[in-house]
Amino acid sequence: MTLTWVFTVLTVVALAHASGRSNAAGKRGAWHQLCDGLCTILLRAIHLAFTIHRSFQAWVHNSLNQAQFDVRELLEDDDSDEILVKRAKLIELFESLTQKPEHFAAILAEEDEPVDSVETLCAWCVMAKVPCLTVYKKNGGLRQSFDDIAYRLGSSKSILRAANGRAARICLRDGDRIEYIGTDVNAVLAAEQQFNIHISLWSRSNGFPSLVGLAKDMCRQVDIGTLAPKDIDEHHVAARLKHPAGFVHPDLILLYDDLVCIPEFPPWQLQDSEVYHIRSAAKGLDDAFYRALLGYGRIERRWGK
Amino acid sequence: MTSFAVYSSLLVTAATITYIAVAGTFRGSLAGVQSEKLPFQKQCETICRTFSSRLRRVAVRVMKQGPIPQHIAFIMDGNRRFARKNQVVTSGGHAAGFHKLTDVLEWCNDLGIRHVSVFAFAINNFRRSPEEVTALMTLARDKLRVLAEKSELVKKHGLRIRVAGNKEMLPEDVQESITFAEESTKSNPGMTLNVCFPYSATDEISSAIRALVEDVDSGKLMVADVNEKSLEDRLHIPGPDLDILVRTSGEIRFSNYMLWQSSKMAYLKFVNAYWPEFSLWHMLSILVSWQLSHDLIKQRKARLQDTLMATTASSVVSDSDTC
């Protein structure tokens, strides 16, 4: 096998070297064309072998990374003694993490069911005491399901379990549309810090179109004389793009998709984000959240220093 | 038995030579590591270099059987940790990082990649110690000139150098080197190297917004023509679309680099090796992973384009969409 490999490499090198030559008139004879053809076939075969090897490596990596225990049962199953003990241990583990995100964002794939996904993420954020959650779906599917999501969050057993049997106070936001769940409006008007969690539903329109809208707005301000172009700097733009409840931009982004690409998530908000990508190696969104949070707890942030 | 012994020893020799050649590429790049070599050692090194160069050419030809990205960006992270790991001064790590950059540019040129962007210095990095910042500025000033004047990539392959970022923050001598490098290579037809120095994506986006507002104010553009394309054209690195973003040293974040470009379906790869240890095999592995995902990325981008065209005609952007 080794000898065959060595022979193949040496043949390819020799063919690669020979196929580049032509005669003095620049014409390529039949022999050179044959060499070229053989070389191309051999190179494509090696390319295919390398591609298969790489896919196999990725599959092995995913298989080895399967979680040791299933976290899904902790919020979905009824409260048996065993489940309560495991849940308490998990809460302790979350509290022992050296750092936790203040603002957690999840990028869902197109095929993910929006209502179930938001409910799961909300429950886990409440349990881990992460105060701000953003859920992103490029095509705006979350906006269309806003009412269903609000209803589900209000009646969810897993969120109740995550909040230790108490109704979680949730602020659900989609642009200008806000829904308060688990609390009344008067209590909310006192101070927004009373919420267990703020949830924002984002789509593509919160990113690039938002920056275009900001630019147009600034053009209008310049036109009426309330702003000078030279005053437009990073701080000015940042002030216009800050979170309405005052949270920082997402610290941790869970990319829950097979493709390791950011599908047009608002670019300005990516600046300080740690990205955690998982899909096939995770047993579900719960497992993905759990691993992302543990991974975040281990990282070192240097902030350019 | 005899032939087996002969073939085995040939194989072991070839493997050893390859190992020395590959290991030698980054170890030998440490600044200040120079020692007297015997003629035999020099001969071995020449053979290793020739062999690894041939092997590299074969590997590149294998890769070219699949699609090749047009624009790849690197966050060259890990120089200081590399220096600490090898017990040399920090500036030695940065020098090793520059050496690796020239290697990577050669590989990209061989592969036929037309645009390479590198994150050389962040605006945040001015917070580092004055000695380190001065050393980095000196390195940049000297190496940009060397790259523009003497490098094979410029002379033989027509590399074009552009420096993207807020150059007004730099000392004058560095700005002069930048102007020299850009002017002397601006008509080169080959690969384009965008050196982001000093750079932050939020600074880039806000500068683009300011430029757009200035153009509208001066009458060069109408408010109705303000759209994503006109904003994108005013970025420090307007195009082409970024295909792959690579970050070394194992960190998994953007650190405020090319956020606009990365957000548009760029393939992300986080490599668990310091920048001076980044090898051709890391590069080829990244390329194969991208080639495997290429079709899916193209499909998703096409779907996105269709959605964008459908919504452009009817959508009205308002302040309520601002996050």
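Note that these values count all heavy atoms, side chains included, but never hydrogens, waters or copies made by symmetry. Chain naming here is simple, since letters A, B, ... match the order of the sequence lines and numbering starts at 1 in each.
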Does any part of the side chain of [Y], heavy atoms only, come nearer than 4.5 Å to the side chain of [X], both counted from C-beta?
| X | Y | value |
| --- | --- | --- |
| Tyr276(A) | Ile252(B) | no |
| Ile205(B) | Glu234(A) | no |
| Leu259(A) | Arg300(B) | yes |

Let me know if [X] has heavy atoms under 4.5 Å from chain A in its side chain, its backbone, both or neither.
| X | value |
| --- | --- |
| Glu204(B) | neither |
| Ala201(B) | neither |
| Leu292(B) | side chain |
| Ser200(B) | side chain |
| Ser255(B) | backbone |
| Val223(B) | both |

Determine the minimum heavy-atom distance between Met265(B) and Cys261(A), stating which atoms define it. O-SG, 3.8 Å
Of the non-hydrogen atoms in Val213(B) and Ala215(A), which two are nearest, and what is the gap between them? CG2-O, 3.9 Å
At a heavy-atom separation under 4.5 Å, does [X] approach chain B through its side chain, its backbone, both, or neither?
| X | result |
| --- | --- |
| Thr40(A) | both |
| Leu211(A) | both |
| Glu110(A) | side chain |

For each of Leu227(A), Asn139(A), Asp257(A), tally heavy-atom pairs with chain B at distances under 4.5 Å, and name the one with the top tally. Asp257(A)
Side chain to side chain contact (heavy atoms under 4.5 Å, CB included) between His47(A) and Gln291(B): does it pass, once the steps are laid out? CA-CA 11 Å; His47(A) 183 260; Gln291(B) 286 174 343; 2.7 Å; yes
[X] [atom1] to [Y] [atom2] distance, which is reported to the nearest 0.5 Å:
| X | Y | atom1 | atom2 | answer |
| --- | --- | --- | --- | --- |
| Ser206(B) | Ile232(A) | OG | CD1 | 9.5 Å |
| Ile262(A) | Ser262(B) | CD1 | OG | 8.0 Å |
| Glu232(B) | Phe208(A) | CD | CZ | 7.5 Å |
| Asn124(B) | Gln271(A) | CG | CD | 9.5 Å |
| Asn227(B) | Lys216(A) | CG | NZ | 7.5 Å |
| Arg253(B) | Glu274(A) | CZ | CD | 5.0 Å |

Heavy-atom pairs under 4.5 Å with chain A - which of Met63(B), Lys269(B), Glu214(B), Met258(B) has more of them than the others? Met63(B)
With respect to chain A, which residue among Ile209(B), Ile297(B), Leu268(B) yields the maximal number of heavy-atom pairs within a distance under 4.5 Å? Leu268(B)
Let me see the working for Val226(B) and Val212(A) under side chain to side chain contact (heavy atoms under 4.5 Å, CB included), right down to the final yes or no. CA-CA 7 Å; Val226(B) 171; Val212(A) 171; 4.2 Å; yes
Given Trp268(A), which partner from the list Asn256(B), Leu259(B), Thr202(B) fulfils the side chain to side chain contact (heavy atoms under 4.5 Å, CB included) test? Thr202(B)
Can we say Glu264(A) and Arg303(B) salt-bridge, meaning some charged N sits less than 4.0 Å from an Asp/Glu carboxylate O? no
